[in-house]
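Structure first, then comments.
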Amino acid sequence: MKKSVASQIAELQRELENAEQAYRQADDDWRLVDTQYVQLKRLREELDVHKRDLAHEIDWRVREIAALEEALKYERTIA
């Protein structure tokens with residue numbers, strides 16, 4: 001049984017509306033993910049800076065402890 005032209009148009013319009021709605025949803029999802037990506041990228045950069053600062057602090061403390069241990073050895077040999 002052949003569909004009437006009017007029913008074919010109505011069916012295509014429904015399919016078009018569904019496709020447009022799906023497109024809008026995909027666009028909204030993309031924008032949300034893009035926003036989250038930017039936020040995560042910024043957080044990653046902040047964490048990289050924090051890790052670098054901590055690495056410098058650890059290195060400084062290790063060197064300071066080594067210097068104090070060396071001073072302690074020197075004091076013991078003099079005493």
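Val62 belongs to a hydrophobic cluster whose remaining members, ordered by chain and number, are Ile58; membership requires side-chain heavy atoms of ILVMFWY residues under 4.5 Å apart, directly or through intermediates. Under the 4.5 angstrom side-chain criterion for Ile, Leu, Val, Met, Phe, Trp and Tyr, Val49 has no cluster partners at all. Leu47 belongs to a hydrophobic cluster with Leu43, counting contacts under 4.5 Å between side-chain heavy atoms of Ile, Leu, Val, Met, Phe, Trp and Tyr, direct or through other members.
Here Asp28 does not pair with Arg24 in a salt bridge; the nearest charged N to carboxylate O distance is not below 4.0 Å.
Considering only residues two or more places apart in sequence or on other chains, Gln8 meets the side-chain hydrogen bond (donor to acceptor under 3.5 Å, both in side chains) condition with none of them. Residues passing the side-chain hydrogen bond (donor to acceptor under 3.5 Å, both in side chains) test with Thr35: none are found, sequence neighbours excluded. Residues satisfying the side-chain contact (heavy atoms from CB on, under 4.5 Å) criterion with Glu64, sequence neighbours excluded, are Trp60, Leu68. Every residue two or more places apart in sequence or in another chain that forms a side-chain hydrogen bond (donor to acceptor under 3.5 Å, both in side chains) with Asp59 is listed here: Arg63. Checked against salt bridge (Lys or Arg N to Asp or Glu O under 4.0 Å), Glu57 has the following partners two or more places apart in sequence or in another chain: Arg61. For Asp29, there are no salt bridge (Lys or Arg N to Asp or Glu O under 4.0 Å) partners at least two apart in sequence or on another chain.
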Name each donor-acceptor pair under 3.5 Å that joins a side chain in residues 72-79 to protein atoms two or more places apart or in another chain, with its distance.
{"unit_1": "Thr77", "atom_1": "OG1", "unit_2": "Lys73", "atom_2": "O", "d": "3.4"}
{"unit_1": "Thr77", "atom_1": "OG1", "unit_2": "Tyr74", "atom_2": "O", "d": "2.8"}

Extract all donor-acceptor atom pairs below 3.5 Å that involve side chains of residues 9-19 and protein atoms in other chains or at least two apart in sequence.
{"unit_1": "Glu11", "atom_1": "OE1", "unit_2": "Lys3", "atom_2": "NZ", "d": "2.4"}
{"unit_1": "Asn18", "atom_1": "ND2", "unit_2": "Arg14", "atom_2": "O", "d": "3.4"}

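Residue pairs meeting the side-chain hydrogen bond (donor to acceptor under 3.5 Å, both in side chains) criterion with at least one member in residues 38-52, sequence neighbours excluded, do not occur.
Between Tyr37 atom OH and Trp30 atom CH2 the span is 11.0 Å, to the nearest 0.5 Å.
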